[in-house]
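Take a look at the structure below.
In the text below, chain A, chain B and the rest are named by the order of the sequence lines, each starting its count at 1. These values consider heavy atoms only, across backbone and side chains, with no hydrogens, waters or symmetry-generated copies. Bear in mind that the values here come from a model prediction, so they are computed numbers and not experimental data.
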Amino acid sequence: MWLRFNRNDVQIVAHYLGILSMTFGVVMAVPLVVSIVYGEWAIASHYLFGMGVTLFLGALLRLAKIEPQRIERKHAIAITGMIWMVGAALAAVPLYFSGHYVSFLDAIFEGVSGLTATGLSLAQDVDHMSMADNMWRFTMQFVGGQGVVVVALSLGIFSRTGSALYTSEAREDAIVPNVKKTAQFILQFSLAAVAIGTLVASVILILIGMEPLRGFFHALWITIGAYDTGGFAPGSLSLIPYHSWPLEVLAMVFMMLGALSFAVVAQVHKGNWREFLRDIEVRTLALWTVGMVVVFVAALAAGDFLTNDTGLLRRGIFTIISATTNTGFQILTTNQMTMLLSSGAVLLLGVSMAIGGSSASTAGGIKAMRIGLILKGIGLYIRKIMQPRSAQIATSYNHVGKHQLTAELLSAALIIAALYVMSYVVGTLVGIAYGYEAVHAAFESISAASNAGLSSGIVEVGMPVPLKIIYILQMWLGRLEFITLLALFASLFASLLPRRKPKKESASGGVLR
Amino acid sequence: MLLVLLLALTLHACAADAAAQAEAATLADTAAQGEESAAGELTISELVQMPEHLNGAEVIVSGEVVGDKINAGSNHVWITLSDGSNAITVFAPRELEQKIEYYGKYAQDGTQLKLQGVFSFACAVHDGAGDIHATALIEVIEPGGLRESTLSKTHLALGGAGIAAAVGLMALYSYVSRKKR
């Protein structure tokens with residue numbers, strides 16, 4: 001039987017959506033302060049307006065239920081599922097007034113892309129974008145990268161009822177037994193990582209000639225974009241205009257750090273390197289990335305596009321790491337990718353994006369953990385076939401301790417992997433239906449659903465509105481790994497259907513027909 | 001990691017300097033020669049969208065200087081030229097910097113330049129970057145300038161009203177919540 005929402009459930013969900021919306025309103029103070037510091041007065045008024053709208057709607061929704069009881073699983077699914085879209089719509093308000101978006105839908109697209117740490121953008125003339133608008137785009141990536149619920153939990157919101165929300169946000173690993181403490185570890189570690197990255201990137205950018213304060217902000221944004229595997233960039237050409245390989249190396253380090261599971265990072269934080277090296281996800285990701293780098297560089301070398309070895313390695317390694325970690329930073333222009341890369345090389349990037357990073361990390365995609373489990377499952381199946389029927393064969397894997405691979409785990413991994421593949425296929429078919437080349441349509445669809453952000457050029461202002469909506473849905477579904485949202489859609493649908501009357505029993509005890 | 005990166009940065013700066021010196025050709029030296037051999041005047045969008053037969057050709061492009069100036073050794077700089085839809089990075093002799101009054105950013109129109117240079121779809125000297133090696137400055141089309149960023153009174157008033165209303169609703173929530181207990 002499907003879960004149904006009654007009036008009380010809707011009031012509880014509205015109450016908590018209100019609280020989260022108000023948190024968004026408070027976070028808008030970050031770009032507001034930047035706009036005041038830089039004297040961007042028109043932009044400051046946009047953020048004040050955005051804060052007003054967000055706080056008012058949030059406060060209104062919160063009134064839907066006074067002091068609600070404990071959040072149940074179905075409430076958690078609805079709150080987590082909806083806040084990503086509600087948050088994106090609210091985030092779009094100041095962006096829309098910036099003049100860089102043709103329609104409110106484009107601004108929502110940017111909001112969804114930012115919050116889900118995807119990095120696809122419909123912003124026009126980014127080179128003239130204000131510091132405050134850029135700050136807002138990267139603040140969204142930071143909040144979305146850690147997880148909206150994680151940020152709310154670490155700030156003390158939902159302290160009594162956070163567990164169900166935490167798992168609904170496609171997070172399963174409990175780094176410490178307490179969910180609030182886990183969320184706080186994630187946020188504190190992320191802030192420390194961003195601080196270190198910003199410091200190093202600032203030094204690099206100032207040394208290559210950028211004005212110090214502007215260099216600091218670009219360093220902060222690039223670090224957030226890399227660590228949160230978001231991929232927005234302060235300019236229209238991603239990391240290309242900096243022409244700095246130390247900056248690219250730094251970005252690669254932070255992209256890889258962001259693609260690691262927080263649970264594994266916590267083991268390293270405790271000095272448990274052995275656990276890190278034995279981890280199924282780390283091993284799968286390492287093997288996969290090295291393999292993809294070798295094949296991609298070979299594919300580049302086979303063409304006559306890049307003629308020197310340094311260029312091959314520099315552009316090849318960076319592009320694969322950007323794709324595998326689902327970041328979306330580019331040091332190849334979109335035209336270089338679409339016109340000079342062979343279709344095989346483009347396909348490799350697509351497959352890298354499709355697999356993605358680690359579970360419980362800032363990266364998207366199917367995830368290395370599921371691929372590792374599926375490969376283990378294939379091995380187990382082959383071994384079972386070769387043994388007598390009476391033989392009991394099991395296999396285990398390491399991920400913060402040793403675990404047995406159960407049929408339930410394997411089927412969950414297969415189901416979610418299948419849902420990702422189905423989403424990639426649907427997005428591709430819609431792209432093809434609109435007349436785009438199949439390889440490019442597949443590339444863009446995978447990029448959206450895996451929250452990667454690399455583009456083959458389809459995502460631009462003039463693309464068809466239904467395709468924009470499809471990509472928005474893909475980014476939303478992909479970020480929450482499908483299950484939460486599918487459960488929400490099914491429950492909402494079931495709630496709209498009329499309830500069946502209970503079947504009356506006949507005098508003889510049989511069911512009336 | 002910090003030390004390794006700083007060391008790498010120093011090495012990078014030295015390498016860039018050497019590459020720049022190897023290419024050192026001043027705008028004045030090449031201006032006359034450039035005017036004769038130019039393939040034609042193109043927009044940046046045309047250049048980046050049909051690159052294969054233009055690869056290695058001498059081209060003339062116009063655009064606004066946007067973003068930041070990036071050092072490329074002691075004799076050259078990187079600038080970004082944009083036509084509003086597409087952009088390309090230009091490897092230019094440092095003396096060009098003196099002609100740029102403004103770099104395009106928020107509330108600031110960058111200097112509009114018409115440049116002549118050699119277009120590379122994947123430059124062999126710069127590890128495969130798509131770029132133009134500027135050989136001559138044809139003209140400064142517009143010097144650029146500042147635009148005013150004025151406060152929107154409507155947004156300000158509505159935003160203030162929204163915040164005030166939110167505070168009122170929060171007070172109402174607290175009141176009802178206390179009463180309920």
Looking at chain A, which one of B:Y103, B:Y173, B:F121 has the largest number of heavy-atom pairs inside 4.5 Å, strictly under?
B:Y173

Portion of B:E148 that has a non-hydrogen atom of chain A nearer than 4.5 angstrom:
neither

Which bit of B:R147 is near chain A, if near means a heavy-atom gap under 4.5 Å: side chain, backbone, both or neither?
side chain

In terms of heavy-atom pairs under 4.5 Å with chain B, the winner among A:L63, A:L306, A:V461, A:V126 is A:L63

Considering only heavy atoms, which portion of A:H100 lies under 4.5 Å from any heavy atom of chain B: side chain, backbone, both, or neither?
neither

Under 4.5 Å from any heavy atom of chain B - which part of A:I43:
both

Distance (rounded to the nearest 0.5 Å) between A:M255 CE and A:T223 OG1
11.5 Å

Under 4.5 Å from any heavy atom of chain B, what part of A:Y38 do you find: side chain, backbone, both or neither?
neither

With a 4.5 angstrom heavy-atom cut-off, which part of A:L237 approaches chain B: side chain, backbone, both or neither?
side chain

Distance-only side-chain donor-acceptor flag, A:Y96 / A:H46, under 3.5 Å
no

If only atom types and distance count, is the side chain of B:T111 paired as donor or acceptor with the main-chain N or O of B:P143 below 3.5 Å?
yes

Counting heavy-atom pairs under 4.5 Å with chain B, which one of A:A59, A:S45, A:A44, A:G25 comes out on top?
A:S45

Backbone N/O of B:L146 and side chain of B:Q108: donor-acceptor pair under 3.5 Å:
no

Between A:F318 and A:F329, what is the ring plane arrangement, given parallel below 30°, perpendicular above 60°, and tilted in between?
parallel

Chain A: which of B:V167, B:N55, B:L158 shares the most heavy-atom pairs with it under 4.5 Å?
B:L158

Given a strict heavy-atom distance threshold of 4.5 Å, which part of B:V48 is in contact with chain A: side chain, backbone, both, or neither?
both

Does a side-chain N-to-carboxylate-O contact under 4.0 Å join A:E248 and A:R314?
yes

Highest number of heavy-atom pairs under 4.5 Å with chain A: which of B:V77, B:L172, B:I70, B:V66?
B:I70

Highest number of heavy-atom pairs under 4.5 Å with chain B: which of A:M129, A:M131, A:Q336?
A:Q336

Side chain / backbone / both / neither for B:T150 at chain A, heavy atoms under 4.5 Å
backbone

Which region of B:I88, side chain (C-beta onward) or backbone (N, CA, C, O), has a non-hydrogen atom less than 4.5 Å from a non-hydrogen atom of chain A, or is it both or neither?
backbone

With respect to chain B, which residue among A:M51, A:E40, A:E211, A:R315 yields the maximal number of heavy-atom pairs within a distance under 4.5 Å?
A:R315

For the candidates A:R62, A:Q124, A:E460, A:H218, which exhibits the highest count of non-hydrogen atom pairs separated by less than 4.5 Å from chain B?
A:R62

Do we see a donor-acceptor contact under 3.5 Å between the side chains of A:D133 and A:Y47?
yes

Of A:G52, A:G457, A:G209, A:S236, the largest count of non-hydrogen pairs under 4.5 angstrom with chain B goes to A:G52

Please determine, by modelled atom types, if B:S177 and A:E67 share a side-chain donor-acceptor pair under 3.5 angstrom.
yes

Taking the six-membered ring for Trp, is the centroid-to-centroid distance between B:H133 and B:F91 below 6.0 Å?
yes

Count the heavy-atom pairs under 4.5 Å between each of B:G130, B:G160, B:S152 and chain A, then report the option with the highest count.
B:S152

List for me each residue that meets side-chain hydrogen bond (donor to acceptor under 3.5 Å, both in side chains) alongside A:D309, sequence neighbours excluded, and say none if there are none.
none

What class does the angle between the rings of A:F254 and A:Y227 fall in, given that below 30° is parallel, 30 to 60° is tilted and above 60° is perpendicular?
perpendicular

Presence of salt bridge, B:K105 and A:D127, under 4.0 angstrom
no

